Protein chains: 2
Amino acid sequence: MSDGAQFRQVSPVRLYQRIVEQIEQAIARGDLKPGQRLPSERELVSQFGASRPTVREALRVLESNGLVRSRPGDPNGPEILPFSSAGLAKEMTRLVQFDNVSMAELISFRMILDGSASLLAARLRSEEELSAMEQTLAVMSDAIEVGYEEFSKADVAFHEAVAVASRNSLIEVCNQVVRGAVLSLISDKVSHAGNSTALMRESLHHHQEVLEAIRAGDGLAAARISRRTLYDYYAGYVPESEQGPLLALVEKEDT
Amino acid sequence: MSDGAQFRQVSPVRLYQRIVEQIEQAIARGDLKPGQRLPSERELVSQFGASRPTVREALRVLESNGLVRSRPGDPNGPEILPFSSAGLAKEMTRLVQFDNVSMAELISFRMILDGSASLLAARLRSEEELSAMEQTLAVMSDAIEVGYEEFSKADVAFHEAVAVASRNSLIEVCNQVVRGAVLSLISDKVSHAGNSTALMRESLHHHQEVLEAIRAGDGLAAARISRRTLYDYYAGYVPESEQGPLLALVEKEDT
DNA sequence: TGAGCTTACTGGTCAGGCCAGTTATAGCGA
DNA sequence: TCGCTATAACTGGCCTGACCAGTAAGCTCA
């Protein structure tokens, strides 16, 4: 290791990147708030001293990152969008698709997130949050008669309510994303195989147990049950050779 | 709810988006593997039947998402990059910056991830992985004399080794990202305040305890200790009024 | 055979232009 | 005066064509 000056690798910075940076920072600093408008492209051209194609490249990048939205003909210019987790979801979906993340890893991660959410919810939930969860379970119960589609929607709503009660938006977002990834991967199989009233009743029962533990403030139980619920529900989609990590999570406090 | 046809909101799809989609899908399908090259911009122009600015907008978006890289003058065309979690990290950093995710939430999330990683590592680790962890601790021990910079690097390496042993790349990546976010948020304070040999020794001791639990295969203890270690280390950066969720995680099995 | 130069490409950037769409506004009619 | 409508001035989407500074392959010459 030399003790002289440390040089970092340099990379040529494209003009459009400088523009992206400037606008990103303006948003990060709060100079530009959601709902506010950017100047028109032609105006930006003169402000940045770049050509229109260059400015447009910058806007397309910002747009694809969900920071702004341009509508043709809008005289007010591109709109600054409120933050959304869509970008995060997209990135995580890519992670799953490209980086060969296995089904087992996904479900394992979901068990961790959902279990933690239940634990935190049991210890932090307010009365309003509790009744919100109760309500989603009521919807779930009714939905059994309607069909799997509705049931699944209520299921998601319940987990969402738990995540909200955990008071941690990272858990909320990540759980949402991972849940989406899992569901999209098994959607073809489940839409037919899962349309069983008995299975739905069983699932509902599990969810009621989780809710009961949350109501009782028993975080450990809530976490354990919610992990096991997920395991029971999804283990069938995981090859036996990869079930080790899943079992490691359900056996957690079984001794 | 009508029982007729369901119409979804439509939004005009830009030309550049179609190009992005096609290339993204080609990569997702595996038709384009990392290291392979895309045709030159002018060649893409004729393949897609779009103009160069449009093709360039697509390439800029792909580039900003970390999927490809263009170098001026390269006769082989833009390169398909291997997957990297940089994009995920960027999105999560944005989540923290824009969506007012508090320090408490970040640390809480980190405790969950790191705790789960330790738990899984305790139950799944191989001998090689165990000795890899031991080695990082040895480096950490030596680094105390060198300085905080080195120590911190070895610290990260240890957590990384644990995450690898958890056999779950989602944990690995997310933990990495969240750790980066936490560190970048407190970097200014810690670089001076943390340069204490005593603190480093204490931190090292905690890490040794975690490793011991992992070696013993005691997942619950490993998780508990690693959560507590993080709490002790970072609680000072969290206002007291927001420490509830953190305490909810360390008191987990204290009764 | 090897070193150096040339050339044919690459991507980065710009200028200018056309088109379809949106909207504010001016003007019209009641 | 008020409400509606038609227009005009803008917007972004997209294209053509061009210039420049690089790169690297291939050619030439020693």
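Please read these numbers as outputs of a predicted model, since none were measured by experiment. Letters A, B, ... are given to chains in the order of the sequence lines, protein chains preceding strands, and every chain is numbered from 1.
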All heavy atoms of A/L67 vs all of A/I27, minimum pair found to be CB-CD1, 4.4 Å

Whole-Å distance, B/R56 CZ to C/dG11 C1', equals 6 Å

What one should report as the nearest heavy-atom pair of B/R14 and A/S70 is NH2-O, 2.6 Å

Taken to the nearest whole Å, CZ/A/R18 to P/C/dG12 is 15 Å

Against the side chain of B/P78, the closest entry in D/dG12, C/dG11, C/dG12 is C/dG11

Taken to the nearest whole Å, CD/A/Q17 to P/C/dG12 is 10 Å

task: Verify the distance criterion only: is there a donor paired with an acceptor across the side chains of B/Q47 and B/E43 at less than 3.5 Å?
output: yes

- May I ask you to say what A/R69 touches in the nucleic acid, namely base, sugar-phosphate or nothing, with a heavy-atom cut-off under 4.0 Å? nothing

note: B/E57, atom CD; D/dG12, atom P; distance rounded to Å ~ 13 Å

Within a 6.0 Å radius of atom CZ on B/R37, are there more than 12 heavy atoms belonging to other residues, nucleotides or ligands? yes

Rounded to whole Å, the CD-C1' distance (A/E43 to D/dT11) equals 13 Å

> With a 4.0 Å cut-off on heavy atoms, is B/R60 in touch with a base, just the backbone sugar-phosphate, or nothing at all?
Replying inline: sugar-phosphate

Residues A/E129 and A/V164: closest non-hydrogen pair is OE2-O, 4.2 Å

The residue among B/E172, B/H207, B/R179 that forms side-chain hydrogen bond (donor to acceptor under 3.5 Å, both in side chains) with B/H159 is B/H207

Considering every strand and a 4.0 Å limit on heavy-atom distances, what is the contact class for B/R14: base, sugar-phosphate, or nothing? sugar-phosphate

In whole angstroms, the gap separating P of C/dG16 from CD of A/E41 amounts to 17 Å

Taken to the nearest whole Å, CG/B/L62 to C1'/C/dG11 is 15 Å

Rounded to whole Å, the CG-P distance (A/L59 to D/dG12) equals 8 Å

Contact string for nucleotides 15-28 of chain D, one letter per nucleotide 5' to 3', B = base within protein heavy-atom range under 4.0 Å, S = sugar-phosphate only, - = neither, reads BB-BB--BBS----

A/C174 and B/F109 have their tightest heavy-atom pair at SG-CZ, 3.7 Å

